[in-house]
Amino acid sequence: MNIFVIGSGGREHALVWKISQSSKLTKLYCAPGNPGIEALATCIPLQPTDLKALLDFALTAQIDLTVVGPEQPLAEGIVDLFIEHDLPIFGPSRMAAELEWSKKFAKEFMLRHGIPTASFRAFNRTQHHEARLYVQNAPLPIVLKADGLAGGKGVVICADREEALGVLETMMAGGQISETVVIEEFMEGEEASVFAISDGKEYVVLPPAQDHKRVFDGDKGKNTGGMGAYAPAPVVTLDILRRIEKTIIQPTLAGMASEGRPYRGCLYIGLMISENGPKVVEFNCRFGDPETQVVLPLVEYDIVDLMMAASEGRLSKLDSLQEKRMSKGSAVCVVLTSRGYPDQYPTGIEILGLHSVEGDTDVRTFHAGTKRRGNSVVTAGGRVLCITAIRPNENLAETIDLAYQAVRKISFEGMHYRNDIGKKALSHHEVENSL
Ligand code: AMP
Ligand code: GLY
């Protein structure tokens, strides 16, 4: 098969890496890719939002399966466009992707189908006055979310009422993202990410992961796209996973199908594991980044079989995959970022030490924001590299150690990373061991 991956980050590098192991593969392409991806796929200089050019390429290169990494092309309807041209593609239609591109749609959908999530109200610009009243009277902390795609930057949690009113003003002034604001109850608990691969009806769950969204250790500082991840996440016990399937995944897939927008592709469920059970923080219509970097290494079957079956609506024929879904391994990914991220950051800084981790068989260096300059690799984004340790057992403490040993071999000016990736999992293991 000729397979085409769209995107250029750490997630796409992990997808390309996993797909490159498939026995079905003839030729692998990626647009636009990055210097890490180059070693595994032919990189095509096309932007993920240039749908017409991507379509032309896929037709010319006789692509048998396209896999979409980022949300933007999905929200713009790349799946609908490829299907019109009989090109198999893994991902949701524009209508199904609305679960991510409109928080208002997602929240109202969950309400209609009794899916557990934070209570909320949505307000548009004409309801400015009501929104202010709501913020003035709601219990604190309160969560404000701009509708629409915001790259992880559209959510503000306010412990202070004056601050909340200020954020509301800014969001309602629109311009930046959208003029609709969703205001939510704050949920307590520990977060986790679960990916369900669906063909619109059936699904396969991948090993649960945990992201680290804040920029500094101890979950301090601003929200980012993700500073690191590990899998499996012990906060999602088998019992909790069953509840997630029963109360969230099954009603979501059934609800989407009944509303005439069956969900095919990877459904990313951002969860809060609260005292009252799992609740949805957000849906995304794609694989998560950096969770993919730790989830895919734990998948023990051919991922191309799964993606093809999902895109062709025949997951029920792949029953054996359900049994294999829990692997015995563990993976930890530490993201190296540029100084200043998630705000302004410099680029073009030379990265040193990449060769010194190449020999580490249990470590993968997934590139996120890098670029080639002459013979060297330089920084080209906020998230630069995703150093991922992968081990065949569940001793997470050792996997964490291995990841940080590799991290210390790499350097660039202004390099930042969190020192506590995976720490929450260790406290779960301690509790389990003391029982
Ligand atoms: P989102 O983009 O909706 O995933 O929100 C980004 C981050 O904000 C989440 O990963 C959570 O850490 C936090 N968050 C969002 N909504 C809530 C909520 N209702 N209660 C607590 N934390 C939240
Ligand atoms: N890791 C968060 C996301 O992919 O949205």
Assess whether side-chain contact (heavy atoms from CB on, under 4.5 Å) is satisfied between Phe412 and Thr370, documenting all intermediate values. CA-CA 12 Å; Phe412 55 87; Thr370 68; over 6 Å; no
According to ring pair (Phe, Tyr, Trp, His ring centres under 6.0 Å), who are the partners of Phe186, at least two apart in sequence or on a separate chain? none
Please identify each residue that fulfils ring pair (Phe, Tyr, Trp, His ring centres under 6.0 Å) with Trp17, with sequence neighbours left out. Phe366
Without swapping roles, check the side chain of [X] against the backbone of [Y] for a donor-acceptor pair under 3.5 Å.
| X | Y | result |
| --- | --- | --- |
| Thr292 | Asp289 | no |
| Ser338 | Gly381 | yes |
| Asn395 | Ala397 | yes |
| His85 | Leu81 | yes |
| Arg243 | Pro278 | no |
| Asn393 | Gly329 | no |
| Glu100 | Cys285 | yes |
| Asn124 | Thr126 | yes |
| Asp420 | Lys423 | no |
| Asp217 | Asn419 | yes |

With a sphere of 6.0 Å drawn around CD of Gln21, does it hold more than 12 non-hydrogen atoms of other residues, nucleotides or ligands? yes
Whether over 12 other heavy atoms sit under 6.0 Å from Glu413 CD: no
Salt bridge (charged side-chain N to carboxylate O under 4.0 Å, His left out) involving [X] - partner list, sequence neighbours excluded:
| X | answer |
| --- | --- |
| Arg372 | Glu38 |
| Arg94 | none |
| Glu108 | Lys104 |

Please report the shortest heavy-atom distance between [X] and [Y], naming the atom on each side.
| X | Y | result |
| --- | --- | --- |
| Pro70 | Gly7 | CD-CA, 4.0 Å |
| Glu350 | Val378 | CA-CG1, 3.9 Å |
| Met187 | Val281 | CE-CG2, 3.8 Å |
| Ala231 | Leu396 | O-CD1, 4.3 Å |
| Leu253 | Lys201 | CD1-O, 4.1 Å |
| Gly422 | Tyr230 | CA-CD2, 3.4 Å |

Taking side chain as C-beta onward, heavy atoms only, is [X] less than 4.5 Å from [Y]?
| X | Y | answer |
| --- | --- | --- |
| Val205 | Leu241 | yes |
| Lys145 | Val143 | yes |
| Leu87 | Thr66 | no |
| Pro32 | Gln47 | yes |
| Met1 | Met308 | yes |
| Val294 | Thr388 | yes |
| Leu168 | Ile183 | yes |
| Tyr341 | Val384 | no |

Has Lys27 got its NZ or CZ under 6.0 Å from the middle of the six-membered ring of Tyr29, at an angle within 45 degrees of the ring axis? yes
Check for me whether Arg264 meets the cation-pi criterion with Phe90, that is, NZ or CZ under 6.0 Å from the six-membered ring centre and within 45 degrees of the ring axis. no
Under the side-chain contact (heavy atoms from CB on, under 4.5 Å) criterion, do Ser198 and Leu267 qualify, and how do the steps go? CA-CA 7 Å; Ser198 177; Leu267 176 67; 5.9 Å; no
Quick one: which of Leu51, Leu74, Ile78, Ile89 gives a side-chain contact (heavy atoms from CB on, under 4.5 Å) with Ile6? Ile78
Sidechain N-carboxylate O distance under 4.0 Å for [X], [Y]:
| X | Y | value |
| --- | --- | --- |
| Asp64 | Lys24 | no |
| Lys222 | Asp343 | yes |
| Arg261 | Glu98 | yes |
| Asp401 | Arg391 | no |
| Glu184 | Arg121 | no |

Does the side-chain hydrogen bond (donor to acceptor under 3.5 Å, both in side chains) test come out yes or no for Glu259 and His113, once each step is laid out? CA-CA 11 Å; Glu259 294 190 12; His113 296 280; 2.6 Å; yes
Sequence neighbours excluded, every pair satisfying ring pair (Phe, Tyr, Trp, His ring centres under 6.0 Å) that has a member inside residues 370-390: none
How are the rings of Tyr268 and Phe195 set to each other: parallel, tilted or perpendicular (split at 30° and 60°)? tilted
Aromatic rings Phe109 and Phe283: how do their planes relate, parallel, tilted or perpendicular, breaks at 30° and 60°? perpendicular
Can you tell me if [X] and [Y] form a side-chain donor-acceptor pair at under 3.5 Å?
| X | Y | result |
| --- | --- | --- |
| Glu190 | Gln210 | yes |
| Ser193 | Glu291 | yes |
| Asn2 | Thr26 | no |
| Asn34 | Ser8 | no |
| Thr347 | Thr379 | no |
| Lys107 | Thr117 | yes |

Test side-chain contact (heavy atoms from CB on, under 4.5 Å) on His416 and Val215; report intermediate values, then the result. CA-CA 9 Å; His416 166 71; Val215 67; 4.0 Å; yes
Taking the six-membered ring for Trp, is the centroid-to-centroid distance between Tyr263 and Tyr203 below 6.0 Å? no
Which of these, Lys424, Lys213, Arg214, sits in a salt bridge (charged side-chain N to carboxylate O under 4.0 Å, His left out) with Asp219? Lys424
For the atom pair CG (Leu296) and CZ (Arg364), what is the distance rounded to the nearest 0.5 Å? 13.5 Å
Under the side-chain contact (heavy atoms from CB on, under 4.5 Å) rule, what do Val155 and Leu144 come out as? Steps first, then yes or no, please. CA-CA 6 Å; Val155 175; Leu144 288 96; over 6 Å; no
